[in-house]
Amino acid sequence: MPSETPGNEPFIAELKRWRDVRGKSQSALAKLVGYTPSYVSKVESGQQRPSASFAEQADRVLQAGGALHRAFTEAEAQGRLESAMPHPAALEPSAGDSQPTSLIVKHDDAELYYDGRSYRATQRRWLYNASSDPITRYLIRISVDRFPGNPERSNRLYRENPLTWEEIDLSAKVGNEPIGWRVQHDRDAFKELWLLFESDYGRYPLYPGESTWIEYSYTVGDEKWGTWFQRAVRLPTERLSVRLDFPAELDPAVWGTETTMTAAAFPFRTAIHQDVAQDRRTFSWTTEDPPLHARYRLEWKFRARPNTEENSPAMTTTSASEKMRSIGVVQAGDPILTGQARAFDLPAEAEDVRRVVAELNAAAERAAEIHVFSKGMGVAAPQLGIDRAAAIVRTADGETLTLLNPKVIEESAEADEQYEGCWSFFDVRGMVPRPRSITVAHQDVDGQHRITIFENAVARLVAHEIDHLEGTLYTARMRPGVEPIPVSEYRGTGSGWTYDAKNEAR
């Protein structure tokens, strides 16, 4: 189709080149910059004039070093491009999106205040509506994990003492107006709800081109709050800031790590600033233009509490789960591990598949550097914070299996019970019954449908990863009354599963 916007060719050529360099499909780029796939497609075909905001966002997420911004600016100076308001009306939420994709967070500011007994989290976000429709609600999440790296202990705590709405004491407002909410998910340690831009006294929609501050606060006692506070970037965000406000008498020490979809966890790129005022000690940190899906985790210990669990030598040594977290593996308690992973549309999303599989293989290489997997290994995309139905398995013989949109369609009547470990809570091992043989329907990257039978050890590895894609952890497969054991008590490290001639596990 001939271009309807002559003169855009240099920008379009740069956009396509950098998208190819980074291995991003049009739909993947659209998600990262907050535009619809149809908008990106129309820009590249010359049917849509790109906006300045799109050029800047694309330059940032494609790490083009200013090339896209320069191409846009040079063309604009020559009168060849027409500037537009940030995120024009072509921006529409994709089907199934939980949050409007045309919503921009100009500033995300969070504060955690600790009084020695409980934590009060206050989150303020400056929102800009870049769509053509009013926005009337905003999705928020409250998630706690008292014992990171020990999911069984945390799960037991919250089963016996679930987080309640009464103790949370949630409050919310848009601008200076108090607003209500509607609960989406209510679980023992996880709450998800829509803040509604309305109250008994009126409605306060955010109209196109308008911006406003929203604010919400909640309280959690320290018996249910672990010594960590995580910020996840789920919408295009221009600035992120965090403050931790602790009693000075506790002598707090704070550190932070960053994890993205394409990199292992690493220390914050900039220092955490510390202020001491009277009897309080405040730690603050800010970053500009954080990438979508990045997670920023602040952790701390109170050195004046030497006898508490979180400051004991056992807690300060690096655990197996902490090592896995350090290489980018999402840990138990993150909601992405309990949801159904999104299937690929193949072959249309072949480029997305290649990118995700590359991430899975890179994670497997990182894991192999910190642990010997004598029984084989596997990793599913949700464990890397990627909500797609892909996983890989590396068998004990060194073969790599790629699973795309897999489903178990048949299981053998014969089963065996073996210890399993999971990268998302690697401090324990659990005895899990599994069928001796499974039949799996899956796809190739070109969209071809396959049916494969897996047996014995490979069947166990494959079933474990398919469970991850369906939001199931192996603890849900264990027999009632059976609990995982600490890895220090496990005696099977370094040896593989073996089967005799009758396929009996031993």
Side-chain angles (χ1 to χ4, degrees), residues 108-124 142-151 153-154 157-158 161 163 167-169 189 217-232 239-259 265-287 290 294-327 331-334 425 427 486 488:
D108 183 326
D109 180 68
E111 179 181 66
L112 188 67
Y113 182 93
Y114 181 57
D115 62 9
R117 299 179 304 277
S118 62
Y119 293 89
R120 182 71 177 176
T122 300
Q123 324 243 4
R124 301 183 72 243
I142 300 171
S143 181
V144 293
D145 185 1
R146 178 64 180 86
F147 303 107
N150 194 337
R153 190 174 183 186
S154 277
L157 167 68
Y158 297 118
N161 300 281
L163 200 61
E167 67 183 299
I168 287 174
D169 188 27
S217 300
Y218 57 90
T219 298
V220 179
D222 57 7
E223 74 280 2
K224 295 182 182 179
W225 187 291
T227 54
W228 60 276
F229 189 39
Q230 181 167 284
R231 313 298 300 122
R239 173 177 292 182
L240 177 71
S241 57
V242 188
R243 288 184 309 284
L244 305 178
D245 191 340
F246 296 138
E249 63 182 15
L250 296 179
D251 191 17
V254 176
W255 61 96
T257 54
E258 173 185 351
T259 306
F266 51 87
F268 283 172
R269 302 171 190 269
T270 55
I272 299 173
H273 184 70
Q274 181 179 170
D275 284 317
V276 179
Q278 297 180 347
D279 59 347
R280 306 293 299 179
R281 193 172 299 177
T282 302
F283 299 84
S284 57
W285 180 79
T286 302
T287 187
R295 288 179 171 84
Y296 299 95
R297 185 183 183 93
L298 291 98
E299 299 180 72
W300 58 88
K301 65 178 180 180
F302 297 129
R303 290 172 291 199
R305 286 182 176 175
N307 296 323
T308 58
E309 287 185 353
E310 60 266 27
N311 292 285
S312 67
M315 294 297 289
T316 56
T317 56
T318 302
S319 68
S321 288
E322 288 169 340
K323 290 179 181 178
M324 286 299 173
R325 180 185 290 115
S326 74
I327 65 169
Q331 295 300 293
D334 192 305
F425 48 105
D427 292 333
S488 59

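If you're wondering where the values come from, they're calculated on a predicted model, not measured in any experiment.
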> Relative to each other, are the rings of Trp300 and Phe246 parallel, tilted or perpendicular (30° and 60° limits)?
Replying inline: tilted
> Can you list the steps and then say if Asp169 with Thr219 is a side chain to side chain donor-acceptor pair (under 3.5 Å)?
Replying inline: CA-CA 6 Å; Asp169 188 27; Thr219 298; 5.1 Å; no
> Nearest 0.5 Å, what's the CD1-OG1 distance between Ile272 and Thr282?
Replying inline: 13.0 Å
>> Under the rule for side chain to side chain donor-acceptor pair (under 3.5 Å), what residues qualify as partners of Tyr158, not counting sequence neighbours?
In response: none
> Can you tell me how far the CG atom of Asp108 sits from the CZ atom of Arg124, to the nearest 0.5 Å?
Replying inline: 11.0 Å
>> Apply side-chain contact (heavy atoms from CB on, under 4.5 Å) to residues Val242 and Tyr296 and explain how you reach the verdict.
In response: CA-CA 10 Å; Val242 188; Tyr296 299 95; over 6 Å; no
> Roughly how far, to the nearest 0.5 Å, is CZ of Phe268 from CD of Glu258?
Replying inline: 7.5 Å
> Which residues satisfy the side chain to side chain donor-acceptor pair (under 3.5 Å) test with Ser217, sequence neighbours excluded?
Replying inline: Thr122
> Considering all heavy atoms of both residues, which atom of Leu240 and which atom of Pro290 are nearest to each other, and what is their separation?
Replying inline: CB-CG, 4.3 Å
>> Looking at every non-hydrogen atom in both residues, tell me the closest pair between Lys323 and Ser326 and how far apart they are.
In response: O-OG, 2.5 Å
> Got a sec, which residues hit salt bridge (charged side-chain N to carboxylate O under 4.0 Å, His left out) with Asp275, two or more places apart in sequence or on another chain?
Replying inline: none
>> Suppose we screen for ring-ring contact (aromatic ring centres under 6.0 Å, His included). Which residues come up paired with Phe283, at least two apart in sequence or across chains?
In response: none
>> If the condition is salt bridge (charged side-chain N to carboxylate O under 4.0 Å, His left out), which residues does Arg297 pass it with, not counting sequence neighbours?
In response: Glu299
> Where the side chain of Arg281 meets the backbone of Pro247, is there a donor-acceptor pair that is under 3.5 Å apart?
Replying inline: no
> Closest approach of Gly333 and Ser143, non-hydrogen atoms and distance?
Replying inline: O-OG, 3.5 Å
> Ring centroid separation for Phe229 and Tyr119, is it under 6.0 angstrom?
Replying inline: no
> Residues in salt bridge (charged side-chain N to carboxylate O under 4.0 Å, His left out) with Glu167, at least two apart?
Replying inline: Lys224
>> Quick check against the 3.5 Å criterion: does Arg146 have a side-chain atom that pairs as donor or acceptor with the backbone of Asp222?
In response: yes
> Run the side-chain contact (heavy atoms from CB on, under 4.5 Å) check on Trp228 and Asp145 step by step: do they pass?
Replying inline: CA-CA 9 Å; Trp228 60 276; Asp145 185 1; 3.5 Å; yes
>> Going by side chain to side chain contact (heavy atoms under 4.5 Å, CB included), name the residues that satisfy it together with Ser284, two or more places apart in sequence or in a different chain.
In response: Arg243, His273
> Can you name the closest pair of heavy atoms from Pro252 and Ala248 and give their distance?
Replying inline: CD-O, 4.2 Å
> What is the minimum heavy-atom distance between Arg239 and Thr286, and which atoms define it?
Replying inline: CG-CG2, 3.9 Å
> Can you name the side chain to side chain donor-acceptor pair (under 3.5 Å) partners of Ser241, sequence neighbours left out?
Replying inline: His107, Asp109
>> My understanding is that only residues two or more places apart in sequence, or in another chain, count here; which of them pass side chain to side chain contact (heavy atoms under 4.5 Å, CB included) with Ala121?
In response: Leu112, Gln123, Tyr218, Trp225
> Partners of Asp334 by side chain to side chain donor-acceptor pair (under 3.5 Å), sequence neighbours excluded?
Replying inline: Arg295
> Could you state the interatomic distance from CG (Leu298) to CZ (Arg231), rounded to the nearest 0.5 Å?
Replying inline: 10.0 Å
>> Which residues pass the side chain to side chain contact (heavy atoms under 4.5 Å, CB included) test with Tyr113, not counting sequence neighbours?
In response: Asp115, Asp245, Arg280
